[in-house]
Amino acid sequence: MSAPPPDLVDLLLWGVLPYVVLAVFVGGTVWRYRYDKFGWTTRSSQLYESRLLRVGSPLFHFGLLVVIAGHAMGLLVPKGWTEAAGVPDAAYHVVALVLGAVAGVCTLGGVALLVWRRRTTGPVFSATTRNDKLMYAVLVLAILAGLATTLVSAGADLAGRGGHDYRDTVSVWFRGVWVLDPRVDAMAAATLPFHVHALVGLALFALFPFTRLVHAFSAPVGYLFRPYVVYRTRDRLPTRATRPARRGWS
Ligand code: HEM
């Protein structure tokens, strides 16, 4: 017997929405690049304040890099692969929980510091647009909802109720989206915190091209690998004073 057809809301949320967001993300980024190349910037506010920025920015960005690595691992690598590699499911979840929670808390702490700085430093607040405020709100919500999924699952695990294993639901749906086979049934079976987190995450991706977040695509990574700047002394080169005087017009 074939599986029953999915609920219409589930179909729209998990079967249609991801593709709408993908189209907005790609189309919006190309549009922004073509029509607003000179507005493609973080709109840095370092000149106005740098003490809080020096702490908040690395805390947020390095925390986020670990969160992104965790998402790639959890969403893209099938459960069967880690099991085949001899990683027991329980061990996987403990590592994911500890690493995920530490990275999530750093990211949240970093963004909290950045938002507080933005609100309390006069010139930085003046340079904050409505677009920025919306972006920060969705960003903070995405991080909070992500941490909630991790903590709710861990809490259920600790209470012996068995936390929800997103690798059987969210991850199956997520991988399906990329091969044009979104597993609406799998995502529909996830719990509410995961649904809320995925929806806020999708909202952030839809906003991405129209905000300062585009700077992520132009991070100066090449700077880390650029050749050394070579300084040479001019001491032994003839200087104006030691160079033999040229003849008049030559
Ligand atoms: C559609 C997109 C997304 C999906 C499907 C998704 C999925 C998940 C899942 C399954 C977890 C639980 C991981 C665990 O418990 O081990 C999680 C956690 C988390 N997510 Fe997302 N996520 C998405 C987008 C985002 C975005 C855009 C952000 C923020 C910028 C974000 C931030 C977090 C954080 C901070 C955590 C908790 C810490 C961690 O486990 O890394 N997520 N996400």
Side-chain angles (χ1 to χ4, degrees), residues 10 13-25 57 59-79 82 87 89-112 114-115 134-158 162-178 182-184 186-209 211-217:
D10 284 330
L13 288 184
W14 316 121
V16 178
L17 186 64
Y19 295 105
V20 174
V21 170
L22 207 58
V24 172
F25 183 85
S57 180
L59 198 59
F60 170 72
H61 284 95
F62 285 115
L64 191 63
L65 281 182
V66 179
V67 168
I68 292 172
H71 279 69
M73 181 74 199
L75 296 176
L76 296 178
V77 178
K79 195 174 170 177
T82 47
V87 182
D89 205 33
Y92 177 91
H93 279 290
V94 171
V95 174
L97 169 68
V98 174
L99 254 185
V102 171
V105 168
C106 287
T107 315
L108 186 64
V111 83
L114 294 176
V115 170
L134 175 67
M135 183 278 289
Y136 275 112
V138 179
L139 177 63
V140 171
L141 272 181
I143 299 169
L144 280 176
L147 268 172
T149 62
T150 304
L151 298 182
V152 167
S153 294
D157 256 341
L158 287 176
H164 177 76
D165 190 350
Y166 66 87
R167 292 207 293 166
D168 291 330
T169 55
V170 184
S171 309
V172 173
W173 161 76
F174 186 82
R175 287 194 299 275
V177 167
W178 299 102
R183 289 283 307 280
V184 175
M187 189 53 172
T191 55
L192 185 66
F194 287 97
H195 285 166
V196 172
H197 177 54
L199 286 178
V200 182
L202 288 174
L204 190 64
F205 285 120
L207 285 177
F208 192 101
T211 64
R212 56 169 63 202
L213 292 180
V214 290
H215 77 269
F217 286 139

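Atoms within each ligand, like the ligands themselves, are counted from 1 in listed order.
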What donor-acceptor contacts under 3.5 angstrom involve side-chain atoms of residues 65-79, with partners at least two apart or in another chain?
| unit_1 | atom_1 | unit_2 | atom_2 | d |
| --- | --- | --- | --- | --- |
| His71 | ND1 | Val67 | O | 2.8 |
| Lys79 | NZ | Asp165 | OD2 | 2.8 |
| Lys79 | NZ | Asp168 | OD1 | 3.3 |
| Lys79 | NZ | Asp168 | OD2 | 3.2 |

With Trp173, which residues qualify under ring pair (Phe, Tyr, Trp, His ring centres under 6.0 Å), at least two apart? Trp14

Please list, chain by chain and in numerical order, all residues satisfying ring pair (Phe, Tyr, Trp, His ring centres under 6.0 Å) with Phe217, sequence neighbours excluded.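 Per chain and number, Phe217 pairs via ring pair (Phe, Tyr, Trp, His ring centres under 6.0 Å) with Phe208.
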
Can you list every pair where an N/O of ligand 1 is under 3.5 Å from an N/O on the protein?
| unit_1 | atom_1 | unit_2 | atom_2 | d |
| --- | --- | --- | --- | --- |
| ligand 1 | 15 (O) | Thr150 | OG1 | 3.2 |
| ligand 1 | 16 (O) | Tyr166 | OH | 3.2 |
| ligand 1 | 20 (N) | His71 | NE2 | 2.9 |
| ligand 1 | 20 (N) | His197 | NE2 | 2.8 |
| ligand 1 | 22 (N) | His71 | NE2 | 2.9 |
| ligand 1 | 22 (N) | His197 | NE2 | 2.8 |
| ligand 1 | 40 (O) | Thr150 | OG1 | 3.4 |
| ligand 1 | 42 (N) | His71 | NE2 | 3.0 |
| ligand 1 | 42 (N) | His197 | NE2 | 2.8 |
| ligand 1 | 43 (N) | His71 | NE2 | 2.7 |
| ligand 1 | 43 (N) | His197 | NE2 | 2.7 |

Could you tell me the separation between the CG atom of Leu204 and the CG atom of Leu141, rounded to the nearest 0.5 Å?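 Here the rounded value is 10.0 Å.
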
I need the single residue from Val200, Leu64, Val111, Val115 that forms a side-chain contact (heavy atoms from CB on, under 4.5 Å) with Leu139. Which is it? Val111

Could you tell me whether Arg167 sits above the aromatic face of Tyr92, with NZ or CZ closer than 6.0 angstrom to the six-membered ring centre and within 45 degrees of the axis?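 Flagged: Arg167 positioned over aromatic ring of Tyr92.
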
